[in-house]
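Every chain is numbered from 1 and lettered A, B, ... according to where its sequence line falls, protein lines coming before strand lines.
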Amino acid sequence: MSAAPGRTVEWPAPPETGGDRDEARPARRIEEGLLLVGVSHHTAPLEIRERLALDAAGVEEVLAGLESLPSVAEAVVLSTCNRTEAYVVPAGGRQGGIGDPDPGAVARDAERVLARCAPFPLPSLEPHLFRDRGPGVARHLFQVAAGVDSLVLGEAEIQGQVREALERATRNGIRRSMAGPVAHRLFEMALRVGGRVRSETGLGRGSGSVASVAVDLARRVFGPLRGRRVLVVGAGAHSELLVRALVREGVRGGIVVNRNLERATPLAALLGGIAVPLEDIAHALRDVDIVLCSTASRTPLLTHATFRDAFPRGGPRRPLLLIDLAVPRDVDPSIGDLPDVFLYNVDDLQSILDEHRARREEELPAAHRLVEDQLGEFLRWWSARSSASRIRLMRAAADRSREEELERVLRRLPGLTGRDREEIEAFSRRLANKILHGPTRLLREQAGDREGTGGEEGGGPWE
Amino acid sequence: MIHLTALALYGVAFALWLRSFLSGSAVPAAALAGGAAGAGVAFHFVGLASFSVESGTLPLAGLGPSLSSLALLLGGGLVSVALRGEEASRIGLLLTPVILVLQGTAIIVGIFPTSPTGLSGWFVVHVALALLGFQGLAIAAAAGALYLLQFQELKGRRFGRIARFVPPLAFLDRLVAVGLAVGASAMTGSLVLGWIWTRGQGGILSLGDPKIVWALLSWGVLWITLSTRFLGAHRGIRSARLSVAGFALVVTVYLALRIASGTAGRFL
């Protein structure tokens with residue numbers, strides 16, 4: 001990976017959250033400072049993922065569990081229908097004489113917390129877990145936020161879910177904020193690159209599901225769908241998905257037609273309309289703009305005879321959109337030949353979906369370039385942050401030495417006046433600053449020089 | 001110079017809309033196109049306003065000034081549609097070529113005053129209403145052409161670049177209706193005023209006069225097309241077809257009468 005040529009980003013010093021775990025954290029390699037454990041649609045089947053799909057309370061339980069681990073400084077949990085991932089920043093610095101925790105051990109602790117909160121036996125979960133550390137964690141999160149790693153390529157919902165994950169990890173009044181400077185920076189950059197990918201590439205364009213294709217088609221015919229009326233033939237799961245998608249677009253009122261009125265009533269309530277028996281289908285056709293069909297009927301329910309009953313003067317007098325998801329079809333295909341009737345069956349919708357997917361896949365290289373650019377910025381930030389930690393440690397050590405030597409000198413010169421003591425102290429500070437100036441500049445330059453090397457941590461003069 | 005600048009800006013707008021259409025990527029080229037068209041209208045307005053101030057007369061008499069005024073009206077109509085949103089503005093793909101032809105022709109023949117004396121109030125209103133009538137027909141035709149394009153795409157179950165670029169059918173249908181309503185009303189007003197003014201001058205309205213023929217034809221096209229919105233089924237597709245055909249007929253008859261009139265006499 002490489003940063004954009006000629007681009008240097010100066011990041012301000014990360015906000016300090018305070019607390020024992022953040023102070024005097026030593027500089028360390030990113031491989032030891034950033035971990036990821038979780039499951040996704042790539043590694044686990046649905047029956048595993050659905051057990052681990054956490055609601056707000058579940059996420060809170062995991063965060064509380066991670067907070068109780070002394071080895072964890074920061075954590076954010078992202079849980080959707082297709083992934084549950086914990087982004088963890090291990091604690092660093094001396095804690096009662098114990099050194100930095102082993103990243104592998106921290107990861108295992110996080111896995112145990114996830115398994116306990118699901119609940120899911122860890123031995124059964126382990127084959128489906130994926131783990132990462134260092135730059136790969138950041139790259140993964142950036143790809144997730146950009147929709148590159150989604151089941152539906154380029155889907156936009158994940159952007160909001162990433163934002164929500166960060167918000168949930170902040171202080172909630174009961175536990176401390178688990179989102180510290182690293183998590184904040186990481187997730188803010190993820191949201192930024194997600195926005196850039198969606199605005200600068202075509203990855204997010206085009207529908208990703210049958211329901212969204214149906215909505216797009218309806219919008220192409222009618223424009224904004226607010227106030228449009230829909231006729232739903234069949235009250236099954238497919239119909240409900242489409243109705244929900246249309247209701248989100250402002251469709252209100254309509255008719256649900258079903259053999260069993262009891263099954264039709266809840267869907268009619270969702271639509272803000274009424275449920276009528278199948279025998280009234282012709283009458284129901286007259287005042288609607290959109291017709292959704294998805295029944296288990298073996299023969300067409302909407303035929304030319306139905307249309308003649310509904311429209312005695314030969315077809316609807318304004319555009320009518322029919323979406324027939326049934327197999328065998330609910331709508332006689334020749335109905336589509338009527339003027340002002342737009343008829344789409346399940347094959348038509350699938351070919352639209354396939355075309356959209358192909359177009360989105362063409363945008364993947366551009367999306368990946370943006371992700372790598374953002375990763376380069378994150379690594380430069382990490383490097384500068386580590387450099388700042390080293391500089392602080394170096395200065396702290398130098399200051400301790402200066403104070404020791406100053407005390408020794410002042411003990412040997414008891415006859416000094418107060419002004420003399422101040423002069424000597426000021427001299428010691430100036431001397432220390434001049435001596436440290438060179439090494440400080442070298443450390444900062446090393447952090448800046450890592451633009452071409454991906455920001456990987458390496459040894460410095462004090463390691 | 002100002003008129004040329006306006007022409008260039010209209011050209012930029014058209015190029016941006018065309019690029020957006022061909023690439024299948026609407027934003028941001030299409031959004032910029034609306035801005036370019038707006039800037040073109042602003043320059044164009046300043047150009048014609050300067051003409052009026054310098055010549056002491058409105059740019060409604062003579063071929064050059066009247067074509068330029070019609071182009072400005074079309075540009076203004078396009079900008080008012082574009083204010084409804086970026087998707088609505090894509091009608092500029094068809095309107096800007098018309099504006100370019102009108103303004104380009106006006107620049108070639110020269111935008112200079114032809115009436116040594118000022119224009120009467122009657123004449124000004126009469127011509128302004130006539131130009132508004134043609135504006136309505138042009139907008140209806142552009143919207144109608146896009147309606148037909150979108151209709152064919154959706155009917156053929158194609159949901160590709162064209163279907164995504166062209167505005168929704170319902171919007172285009174409304175635009176056709178508004179264009180026809182405005183055009184028909186304005187043209188009626190223009191004809192009535194023209195008749196009153198001619199009778200007041202003691203003149204005779206002769207069906208041998210090319211201007212009268214063309215005005216009546218245009219008026220007839222507008223009202224026949226408008227009537228399809230109230231009579232019969234499939235109003236959207238029918239009025240779209242008639243708008244396009246009617247516009248083509250009006251333009252063709254204009255050109256034919258112009259050529260037949262030659263340089264002798266004044267047709268327009």
Side-chain angles (χ1 to χ4, degrees), chain A residues 198-207 212-228 289-290 311-324 333 336-356 358-359 362-363 366, chain B residues 19-20 22-32 81 84-91 143 146-178 228-241:
Chain A
R198 286 182 182 82
S199 64
E200 296 177 31
T201 74
L203 194 73
R205 286 192 211 122
S207 319
S212 55
V213 168
V215 167
D216 279 349
L217 283 171
R219 279 209 224 104
R220 286 296 97 196
V221 177
F222 301 111
L225 299 181
R226 194 163 292 279
R228 296 290 173 181
D289 305 293
I290 304 164
F311 308 107
R313 289 202 239 171
R317 300 168 86 76
R318 60 177 191 280
L320 181 66
L321 174 66
L322 286 96
I323 296 178
D324 184 3
D337 296 333
L338 291 174
D340 277 336
V341 171
F342 302 95
L343 172 61
Y344 290 80
N345 60 39
V346 66
D347 277 358
D348 299 324
L349 297 183
Q350 188 58 51
S351 69
I352 293 171
L353 270 175
D354 291 342
E355 191 203 323
H356 287 173
R359 275 193 295 112
E362 286 171 9
E363 300 293 321
Chain B
R19 177 172 178 264
S20 173
L22 292 174
S23 70
S25 163
V27 183
L32 290 172
V81 170
R84 292 185 62 101
E86 183 275 316
E87 195 175 50
S89 75
R90 296 174 199 172
I91 191 179
L146 289 178
Y147 184 101
L148 294 173
L149 194 59
Q150 183 71 289
F151 187 93
Q152 288 306 316
E153 289 299 295
L154 293 176
K155 198 73 171 159
R157 300 173 196 169
R158 291 183 291 275
F159 201 60
R161 177 172 47 85
I162 295 174
R164 288 194 311 279
F165 179 86
V166 175
L169 283 182
F171 168 77
L172 293 168
D173 186 54
R174 264 198 312 279
L175 200 53
V176 168
V178 168
T228 62
R229 304 217 40 98
F230 305 104
L231 304 170
H234 319 308
R235 297 160 200 180
I237 190 82
R238 280 171 46 202
S239 62
R241 283 177 184 147

Inset, instruction - Quick one: which of Gly223(A), Pro316(A), Pro319(A), Pro339(A) has the most heavy-atom pairs under 4.5 Å with chain B, could you say? - result: Pro339(A)
Legend entry - Ala163(B) backbone acceptor or donor facing Arg220(A) side chain under 3.5 Å: yes
Legend entry - Under 4.5 Å from any heavy atom of chain B - which part of Asp348(A): side chain
Legend entry - Phe222(A): partners by ring-ring contact (aromatic ring centres under 6.0 Å, His included), with sequence neighbours left out: none
Inset, instruction - Measure across Leu154(B) and Tyr344(A) and return the closest heavy-atom pair with its distance rounded to 0.1 Å. - result: O-OH, 2.8 Å
Inset, instruction - Taking ring-ring contact (aromatic ring centres under 6.0 Å, His included) as the test, write out the residues that go with Phe171(B), two or more places apart. - result: none
Inset, instruction - Quick one: which of Leu321(A), Asp337(A), Val221(A) has the most heavy-atom pairs under 4.5 Å with chain B, could you say? - result: Val221(A)
Inset, instruction - Using modelled atom types only, decide if a donor and an acceptor are shared between the side chain of Lys155(B) and the backbone of Val341(A) within a distance under 3.5 Å. - result: yes
Inset, instruction - Check each atom of Leu338(A) against the heavy atoms of chain B and say whether the ones under 4.5 Å are side chain, backbone, both or neither. - result: backbone
Inset, instruction - Kindly indicate whether the side chain of Phe159(B), heavy atoms from C-beta on, has any atom under 4.5 Å from the side chain of Val213(A). - result: no
Inset, instruction - Nearest 0.5 Å please: distance from the CD atom of Glu87(B) over to the CZ atom of Arg219(A). - result: 9.0 Å
Legend entry - Interface moiety of Asn345(A) toward chain B, non-hydrogen atoms closer than 4.5 Å: side chain
Inset, instruction - Give a yes or no on whether the backbone of Phe342(A) and the side-chain of Arg157(B) come within a donor-acceptor separation of less than 3.5 Å. - result: no
Inset, instruction - Please indicate whether Arg318(A) has more than 12 foreign heavy atoms, meaning atoms of other residues, nucleotides or ligands, lying under 6.0 Å from its CZ. - result: yes
